[in-house]
Amino acid sequence: MKGLSPLLITAIVLVAGFAACAVQFPNIASTRVIGNLLTDNAFLGIVATGMTFVIISGGIDLSVGSVIGFTTVFVALAIERWGVPPLVAFVAILVLSAAFGAAMGAIIHVFDLPPFIVTLAGMFLARGASFLLSTESVPVTAPIYSTVSDFALRMPGGGRLSAIAIIMLAIVIGGALLLHLTRFGANVYALGGNRATASLMGVAVGKMTVKIYMLSSLFAGIAGIVFSFYTSAGYSLSAVGVELDSIAAVVIGGTLLTGGQGSVIGTFLGVLIQGMIQTYINFDGTLSSWWTKIATGILLFAFIALQQGLVALARRPVAKRVGAAP
Amino acid sequence: PANAAELTIGFSQIGSESGWRAAETSVSKQEAAKRKVNLKIADAQQKQENQIKAIRSFIAQNVDAIFLAPVVATGWDAVLKEAKEAKIPVVLLDRDIDPSGKDLYLTAVTSDSVHEGEVAGDWLAKTVGDKACNIVELQGTVGASVAANRKKGFDTAVAKHANLKIVRSQTGDFTRAKGKEVMESFIKAEGGGKNICAVYAHNDDMMVGAIQAMKEAGLKPGKDILTVSIDAVPDIFKAMVAGEANATVELTPNMAGPAFDAVAAFKEKGTVPPKWIQTESRLLTATDNPQKEYDSKKGLGY
Amino acid sequence: MTALLPRRGLAQILALIVILAVDRVVSPQFFDLRLQDGRLFGSLIDVLDRGTPVALLSLGMVLVIATRGIDLSVGAVMAICGAIAASLADSYSLPVVLAAALGAGLVCGLWNGFLVAVLGMQPIVATLILMVAGRGIAQLITEGRIVTFTSPDLVWLGNGAILGVPVPVVIALGMLILTGAVVRGSALGLLIEATGGNARASELAGVGTRAMILAVYVWCGVCAALAGVIAAADIMGADANNAGLWLELDAILAVVIGGTSLFGGRFSLVLAVLGALIIQTMNTGILLSGYPPEFNLLVKAVVVLAVLLLQSPKLSGFAGIMARLRRANP
Amino acid sequence: MENSLDPAPSLLEVRGISKSFAAVRALQEVDFTLRAGEIHALLGENGAGKSTLIKVITGVFPRDAGLVRLGGEEVAPRSAKAALEAGIATVYQEVNLLPNLSVAQNLFLDRQPMRFGIVREGEMRRRAKVLLADFGLDIDVAAPLGNYSVAIQHVTAIARAVDLSARVLILDEPTASLDRHEVEILFGIMRQLAKRGIGIVFVSHFLDQVYEISDRITVLRNGRLVGERETASLPRLELIRMMLGRELAETTGARTATSDRLPREVCASFQNYGKAGYVAPFNLELRHGEVVGLAGLLGSGRTETARLVFGAERADGGQAMVAGASIRLQSPRDGVRHGFGYCPEERKTDGIVAELTVRENIVLALQAKRGLHRPLSRREQDEIAKRYVKMLDIRPPDPERPVGLLSGGNQQKALLARWLATSPRLLVLDEPTRGIDVGAHAEIIRLIRELCDDGLALLVISSELDEIVTYSDRVIVLRDRTHVEELSGEAIDVTNILGAIAADGAAMQEARA
Ligand SMILES: Nc1ncnc2c1ncn2[C@@H]1O[C@H](COP(=O)(O)OP(=O)(O)OP(=O)(O)O)[C@@H](O)[C@H]1O
Ligand SMILES: Nc1ncnc2c1ncn2[C@@H]1O[C@H](COP(=O)(O)OP(=O)(O)OP(=O)(O)O)[C@@H](O)[C@H]1O
Ligand SMILES: [Mg+2]
Ligand SMILES: [Mg+2]
């Protein structure tokens with residue numbers, strides 16, 4: 001008998017939570033809310049996908065929130081003030097953020113420093129740099145912005161599958177393929193299993209480290225562009241604390257912080273669970289600022305405890321495989 | 001057409017980063033109760049994305065109107081368009097948003113934070129006369145639009161007087177603890193405070209911290225060093241009563257009251273309110289009976 | 001004392017000296033000290049005084065990290081305990097107030113420890129729960145306002161002085177000595193390091209690893225509580241919204257600057273506190289420098305990276321740099 | 001190529017290699033020559049520098065001096081990957097591959113079959129199955145490697161290296177955790193490869209195996225080259241003398257002296273003790289002054305028995321008794337409290353705390369037993385550490401060295417010291433001599449006997465039947481997680497044990513047929 005996989009359990013927890021919310025607020029069970037869930041969490045889904053790679057490889061990236069912030073400011077200024085065509089600005093920022101991630105990865109590898117701290121410095125740096133660019137929020141009026149934010153596939157029931165939600169879904173799927181089907185993905189798991197061993201087995205640990213952080217920053221850059229579509233503006237204080245949200249999403253999605261295990265789909269479910277909690281609280285609408293926080297904490301606990309409990313239950317019959325001894 | 005007594009209004013509040021904000025929330029609730037409005041408050045924990053999510057969920061719940069205290073001036077077009085499509089009027093509280101979206105909301109009930117800074121600056125200029133005066137400034141959170149505006153207004157006012165000079169300016173994050181810490185360093189950096197003639201703080205909380213720092217350094221705030229700040233929270237009046245603070249510019253926490261009235265009038269009679277309902281920025285000093293102000297504000301949830 | 005300060009403190013001490021020297025450059029009065037109302041007064045004292053909360057946090061955090069854990073909730077715990085202290089300060093005596101606040105910290109620590117040690121949650125999410133909810137609890141206590149108090153006893157805790165030294169600094173020093181005595185005076189230190197170094201092996205060697213983990217989170221909670229009380233006493237009020245905000249990152253940073261690996265194992269209390277001082281020396285320097293605040297974070301990023309590079313195992317401090325230079329041009 | 005006339009051209013040439021770790025000179029001017037098509041044994045005591053030499057050759061450690069030629073051309077790989085690309089495939093001593101990845105991924109990491117940039121999972125699994133079948137393994141290759149025993153992990157590592165089809169294959173103690181059958185398979189494969197002209201470096205502490213498989217032998221001692229000989233012309237005693245630098249005291253021969261001692265007191269006993277899906281309930285009596293050996297095939301449940309006896313795993317039935325009283329045995333702590341000790345077989349993950357010093361590792365269990373409030377003073381710790389470092393000849397004899405930097409054999413000794421320091425009444429040793437050199441091997445066996453004579457009860461697991469026969473007073477044979485046979489006195493010999501084990505093998509062969 002094979003127990004339920006943790007991924008399936010997370011999905012069940014999500015659906016159960018959704019059902020419970022819908023019982024209390026029937027409005028929740030609409031394609032509109034589902035569309036909103038995807039749109040509102042698009043940038044989170046994208047960064048969390050990148051974060052999944054980092055965490056599976058045994059690292060962590062605290063800089064992503066700041067990179068999003070920097071990206072929004074940079075893009076807004078480039079388009080509005082410096083007169084750069086939007087697409088050129090996008091390419092420029094993606095190159096810039098990828099280079100930023102690569103630099104962090106290189107420092108982590110070459111100087112053998114803890115990723116937590118290197119990326120913490122990266123977080124300060126990117127946020128500080130966006131302050132230097134502009135402390136004011138900069139509205140973006142380029143036509144592409146209204147085109148993108150107006151674009152949406154109508155779902156039955158009035159819900160909108162917006163462009164940024166589609167981008168997010170594409171990245172999640174792309175990320176999942178990259179992680180689970182390619183050599184790069186296998187190496188990510190190898191790194192998380194044990195760096196030294198992976199190196200002895202011939203994995204180019206240094207190159208991989210650089211690439212992984214590059215990927216995470218690149219995704220943060222994409223998330224930043226999406227965020228700027230989302231708000232049609234650039235603002236140096238945007239996405240503060242998103243690093244923790246995305247780490248939480250990754251971990252709720254069943255990825256081990258110690259590395260070596262996890263999946264992009266799990267992360268996606270984690271993002272949705274967090275979005276659910278928020279939606280529920282918004283629908284309730286009677287909670288004070290403090291009860292909002294407390295309720296978020298309690299729901300977070302409930303989801304994780306439920307999920308862990310179920311996983312433990314599924315593993316209960318430890319029928320260890322007795323192999324065919326030669 | 002909804003009857004005022006049955007109105008359900010969603011309020012996307014920024015968070016509760018300060019006493020003033022808590023007061024705004026509790027005054028809004030009081031005002032709603034007075035008018036029998038069903039007010040749903042969603043707390044955004046300082047994040048624009050949360051506010052957008054909240055507005056979307058208000059739209060999904062089909063509320064009668066949405067109040068928005070925007071955390072930042074930009075980035076509301078898309079979601080406000082959705083509200084408009086759903087024919088839900090939006091009222092901005094406390095801060096304005098960028099011009100491109102003027103037709104997207106019904107009205108804005110706000111104070112003018114640039115003007116607040118000016119009022120503070122003008123008071124200082126008048127009080128100092130033509131004595132040379134070195135000012136230190138405690139800024140709000142870097143990047144916050146209120147901070148930028150209050151700085152801009154004050155700078156404009158001060159620029160008109162050659163004898164006034166801002167010698168140091170650093171962020172105190174709108175908090176007491178940072179206000180105190182930054183003031184401590186200002187005092188050290190400016191010859192033990194002897195070179196400082198006045199402190200301007202972007203909010204009262206920072207000023208309360210700064211006052212403590214001055215006292216601990218053996219200076220007499222309010223006398224050796226003049227103080228002027230913004231918000232008019234109860235504790236600053238306490239300091240005024242003790243002679244340790246000089247002036248504050250009031251930012252009323254009652255933004256929701258006028259907004260309710262505007263929405264009710266719009267819903268019942270179709271009256272379109274003016275685009276901007278500006279609240280008053282009163283200057284309050286030690287001569288304005290601070291004790292009375294303190295007593296009247298104490299119960300408002302600051 | 002050698003147990004507290006192993007040979008590896010060199011890089012940190014050098015970093016501190018360099019930053020102090022830079023501070024002296026940006027602010028010529030940096031080392032000036034005078035007595036003001038029976039209390040020493042000067043930037044150096046500010047560094048110690050302002051560094052106290054993070055130093056206290058890092059004392060607890062370093063033990064948690066030594067077991068391979070992490071505690072993101074310390075900032076929120078500070079807010080809770082500060083709020084409790086402030087609400088009780090004017091109606092109860094100081095011992096009662098302290099007992100209540102520290103008791104609350106202990107309970108918070110127990111909760112975290114329970115999630116990690118008993119339920120087996122990953123420390124970062126386990127403590128994220130209290131990080132989020134805890135600030136809400138603190139705001140619930142204060143109802144979002146700044147609760148002020150006048151109790152002279154509690155105010156003294158934040159602003160008083162003993163022999164000219166600010167009370168918070170004395171408390172932090174006391175806690176350092178106390179923690180050091182408990183941890184190194186008993187077998188706790190060894191067992192914590194073993195637990196962090198290899199939990200499975202330690203368990204098999206008969207170490208009660210769960211008890212160790214529970215204990216370090218509890219202690220971390222208590223340290224955070226003390227930091228919260230001091231922060232409240234400092235401004236004579238509890239600011240549940242902002243007290244301890246993002247300080248968990250500073251505390252973790254202090255621990256790492258102090259040379260303790262985030263992968264657990266070996267730890268040093270003294271160096272963690274030194275790490276906190278390095279951070280505060282940098283912060284105070286930034287405030288004194290007079291640069292516009294937009295630069296604060298950039299400076300911080302650069303300094304943090306530089307300090308870390310100094311102690312990179314690949315460079316192994318100055319010695320490593322010198323050796324490399326020598327090898328490069330023989 | 002040069003030397004085309006030479007029937008056995010030198011394939012890998014190592015000249016004057018030196019390597020120091022801080023103060024430790026691990027290698028000093030070592031030369032080593034490997035010819036194409038030969039199997040070359042690299043021998044030496046624990047800590048002699050064998051693994052270091054291998055890592056220097058493959059660029060895992062940068063070398064301080066010396067050069068390496070491969071097929072006449074100088075190579076200086078800077079990483080394991082580079083060495084691989086140059087044609088040197090290696091199974092490192094401590095590598096258990098990556099337990100979190102599937103067996104197939106482990107076999108094909110970084111060289112998976114690809115199509116359009118996508119790993120062909122099915123093809124990879126198929127190839128993995130074929131590859132492992134050569135080693136007589138038929139397992140689910142999609143399952144995580146960590147689900148399998150050390151032995152299977154080791155076979156996988158070897159299979160991976162063999163399949164890399166390199167010019168040089170280096171195997172650092174590949175047979176340490178294999179049983180006879182698997183060793184034979186491995187040797188068959190090694191001979192085939194050698195025939196194809198591949199040069200193989202083979203490190204082992206089993207001298208029988210060395211004589212069986214190798215063509216030539218190079219011996220290291222204390223980081224220096226002692227000499228290189230043809231295996232056929234090197235008498236065993238001479239080899240041991242080269243390795244140890246001295247004569248080895250005679251160690252073989254079964255225990256006889258003790259068998260006629262007084263009837264022994266029961267130390268601990270287990271009735272109907274077991275756990276569903278883990279080990280079938282068993283009865284076991286352990287007596288003071290007696291060694292009980294556990295024998296069986298890989299996966300037969302020996303480790304599981306050991307863990308239950310120690311308390312590392314909770315039984316779901318039966319009872320454990322010490323000194324006639326029933327005891328609670330729910331955790332290692334309980335075990336330690338009752339005076340039990342346990343050296344696990346996977347010393348790296350379950351045994352040592354790599355970062356802590358030898359001293360700290362040695363006192364750990366004792367300290368845990370004494371509790372927090374009675375810390376051992378530094379002086380006491382130093383004394384204990386010094387005593388055991390000397391007693392077990394742990395090298396280098398520096399108690400302040402992180403134990404992770406010791407060679408494998410010396411780590412094992414430190415673990416043993418950890419438990420001896422608690423003066424246990426019962427000691428459970430799971431493969432205590434794995435990876436231990438001839439000298440130390442003899443010492444550990446001597447130690448087991450001494451401990452036994454001092455009144456300790458011992459439960460010892462070993463895959464080396466000769467060894468078990470040497471020291472056991474009773475031998476329990478396991479099969480399929482069930483205790484099937486107990487031998488004692490005269491009945492203890494290799495043939496009988498094999499017979500008990502093989503009963504199953506025969507049955508299985510029938511079943512397969
Ligand atoms: N030939 C095999 N095929 C498949 N699985 C095996 C095989 N041998 C062992 N295993 C698995 O490996 C795990 C560990 O084996 P275990 O430690 O129980 O063996 P053991 O009897 O202690 O032998 P040893 O200690 O010599 O490895 C078990 O879960 C077992 O199912
Ligand atoms: N990374 C390291 N840092 C410091 N010292 C090391 C390191 N690796 C090995 N040593 C030391 O180098 C010496 C040689 O060790 P090595 O592992 O090569 O021995 P070995 O011959 O393989 O022994 P064994 O048979 O036990 O595996 C030992 O004294 C060991 O302590
Ligand atoms: Mg070796
Ligand atoms: Mg075993």
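Numbers restart at 1 for each chain; the letters A, B, ... are given by sequence-line order, proteins then strands. Computed from a predicted model, the values in this text were never measured in an experiment.
For the side chain to side chain contact (heavy atoms under 4.5 Å, CB included) test with Leu190(C), the passing option among Leu372(D), Val353(D), Leu356(D) is Leu356(D); the others fail.
The local environment of CZ in Arg25(D) is sparse, with at most 12 non-hydrogen atoms from other residues, nucleotides or ligands closer than 6.0 Å. The local environment of CZ in Phe263(C) is sparse, with at most 12 non-hydrogen atoms from other residues, nucleotides or ligands closer than 6.0 Å. Heavy-atom contacts from other residues, nucleotides or ligands closer than 6.0 Å to CZ of Arg314(D) number 12 or fewer.
Note that CD of Glu360(D) is 4.0 Å distant from CZ of Arg266(C), once rounded to the nearest 0.5 Å. Remark: Glu355(D) CD to Glu193(C) CD distance equals 7.5 Å, nearest 0.5 Å.
Taking the ring-ring contact (aromatic ring centres under 6.0 Å, His included) definition, one finds that Tyr388(D) meets it with nothing, sequence neighbours left out.
A donor-acceptor pair is defined here as one N or O able to donate and one able to accept, closer than 3.5 Å; such a pair exists between the side chain of Asn198(C) and the backbone of Thr349(D).
The minimum heavy-atom distance between Gly185(C) and Pro375(D), with the atom names listed, is O-CG, 3.1 Å. Looking at every heavy atom in both residues, Glu203(C) comes nearest to Pro332(D) through O-CB, 3.1 Å.
Residue Ile352(D) touches chain C through its backbone alone, counting heavy-atom pairs closer than 4.5 Å.
The list of ring-ring contact (aromatic ring centres under 6.0 Å, His included) pairs with a residue in residues 402-425 of chain D, not counting sequence neighbours, reads Phe310(D)-Trp419(D).
The greatest number of non-hydrogen atom pairs below 4.5 Å with chain C, out of Ala368(D), Gly404(D), Gly341(D), is found for Ala368(D).
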